[in-house]
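Remember, predicted model here, so these are calculated numbers, not experimental data. Residue numbers begin at 1 in each chain, while the letters A, B, ... track the order of the sequences.
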There are 2 protein chains.
Amino acid sequence: MKKKEILKKSLLFNGLTNEQLNALCSISISKKYQRGQTIFHDGEPGNGFYMVASGKVKIFKLSIDGKEQILHIFGVGEPFGEVPVFHGTPFPASASTLAASELFFFPRLEFVDLLTANPSLALSMLAVLSMRLRRFTTQVENLTLKEVPGRLASYLLYLIEEQSREDVVVLDVPKGQLASLLGTTPETLSRIFAKMTDEGLIKVAGKTIHLLDLVGLRER
Amino acid sequence: MKKKEILKKSLLFNGLTNEQLNALCSISISKKYQRGQTIFHDGEPGNGFYMVASGKVKIFKLSIDGKEQILHIFGVGEPFGEVPVFHGTPFPASASTLAASELFFFPRLEFVDLLTANPSLALSMLAVLSMRLRRFTTQVENLTLKEVPGRLASYLLYLIEEQSREDVVVLDVPKGQLASLLGTTPETLSRIFAKMTDEGLIKVAGKTIHLLDLVGLRER
DNA sequence: ATTGTTTTTTGACCTAGATCAAAGAAAGAA
DNA sequence: TTCTTTCTTTGATCTAGGTCAAAAAACAAT
């Protein structure tokens, strides 16, 4: 697909005029990554942000002893790594690809110029960051106020929305990565899948999960 | 202090011209709150955002069974409640005062008009939201990758920065609220204060805490 | 001061979930 | 297909920290 098409479809850029899109196309640089490659490290200075053109990217933090907490998983059309662009500080977390991916890179200075000239672009960007804040809010809520089965239930119900399915969802990440996103370990996650299956809430077949009792899940 | 003075001193509005400040003054509305009053509830629609003119405000989430997780504590000059302004969705959390406070309220439509006319204001706003995201990132990191003593150590070291003190910090919130901010209970927090005192890391006298071993604290 | 109220501390106990170890299953690669 | 490597599950054990209950301390208000 053409670069312009992808940009146009993204939430961030969808209200822009043809010219504005052309400008964005001309300042952005396409980069290709293999699965598992690092895009940037926590603490590095950032001189621009990225958007996923194809593939999938995870944003994560590592503890001293190597434990990983995934903060976000971004798919096609989603921008990431914007914090240093607007705040001037280093990346607050690391990013790497979960699959072979193509990314568009938007250099800071050029993008800020565009923003200054296009208030509507600035408003879209504010909307994107606001949504990001909202998601973090629920993530903190989940991590501290719910226990793991509750977090899993939330995530499954969220996937149902995302995939606009009735009662079946397909995990788009390995279960180990899902564990990290939910702030737990693969072992615990596996046990909770088993328990929920026992309780008749779900039925697991590899990455495909049948939600048998939506009401029961919502109660978590 | 005059409204304009307070706005001018805030990080969000500090680069603005006199006229822009006047415009902000004229669209904003001052509201007074007593200690412990609710400003808005999680899930309510928001048609504007706030800035603390005096006092202190907490942003928090409640679980079904009444447990509270504090997400932020904001002091003078800090804006809050911006998410609905830019994303159009309800407030993702609740807000209430920790002390008698005066707040400035900026109505959505008027503020967005100002933003559209002033790209530099939009950039400041982007910077504020970016910093907020950065803080959330470290909050999630702390909550999931560190245990409670580590979180407390981080917070104490952060306070040292904030208050630009050498080795003494004064808690600006009751210990119970601090526990909620750190994602734990008052009992546990109290025990950790006791343990750190035993280990010679700190000395606690009411709300005043002497940090006796900065290096030891950093190791957490 | 004195009483009522809120905050903080201490003690005893208990559970969610982490860790360690190892077996099974899937998924790519040759 | 067969071999490797990466995921996932299961079992056994351990512990940080939550919960409940109650005492002690700090604060406020009369």
Answer yes or no: are there more than 12 heavy-atom neighbours, outside A/Lys175 itself, under 6.0 Å from its atom NZ? yes
Ignoring hydrogens and geometry beyond distance, is a side-chain donor-acceptor pair present between A/Lys4 and A/Asn22 at under 3.5 Å? yes
For atom CZ of B/Arg35 and atom P of D/dA29, their distance in whole Å: 10 Å
Overall bend - the helix from C/dA1-D/dT30 to C/dA30-D/dT1, comparing terminal axes fitted on five pairs, nearest 10 degrees: 50°
Send over the distance from B/Lys175 NZ to D/dA24 P, rounded to a whole Å. 18 Å
Examine B/Phe106 together with B/Phe13 and report whether their ring centres are nearer than 6.0 Å. yes
B/Ser63 side-chain N/O to B/Lys67 backbone N/O, donor-acceptor pair under 3.5 Å: yes
To the nearest Å, how far apart are A/Lys195 NZ and D/dG11 P? 15 Å
Using whole Å, report how far CE of A/Met196 lies from C1' of D/dT9. 17 Å
Quick one: does any side-chain atom of A/Ser180 pair with a main-chain N or O of A/Leu178 as donor and acceptor, under 3.5 Å? no
Within 45° cone of A/Phe74 ring axis and under 6.0 Å: A/Lys58 NZ or CZ: no
Hey, is the side chain of B/Lys207 poking within less than 4.0 Å of OP1 or OP2 on D/dA26, counting only N and O atoms? no
For the residue pair B/Lys8 and B/Leu21, what are the closest heavy atoms and their distance? CG-CD1, 3.8 Å
Between C1' of D/dG17 and CG of B/Leu182, the distance in whole Å: 14 Å
Expected rows: protein N/O vs nucleotides 16-23 of chain C N/O, under 3.5 Å:
| residue | atom | partner | partner atom | Å |
| --- | --- | --- | --- | --- |
| C/dG17 | OP1 | A/Val148 | N | 2.9 |
| C/dA18 | OP2 | A/Thr184 | OG1 | 2.6 |
| C/dA18 | OP2 | A/Thr185 | OG1 | 3.3 |
| C/dA18 | OP2 | A/Thr188 | OG1 | 2.8 |
| C/dT19 | O4 | A/Arg191 | NH1 | 3.4 |
| C/dC20 | N4 | A/Glu187 | OE2 | 3.3 |

In whole angstroms, the gap separating P of C/dA26 from CG of A/Leu171 amounts to 15 Å
Verdict with reasoning, A/Phe80 to A/Phe40, per side chain to side chain contact (heavy atoms under 4.5 Å, CB included): CA-CA 11 Å; A/Phe80 64 95; A/Phe40 53 74; 3.8 Å; yes
Starting at CZ of B/Phe193 and ending at C1' of C/dT10, how long is that distance when rounded to a whole Å? 16 Å
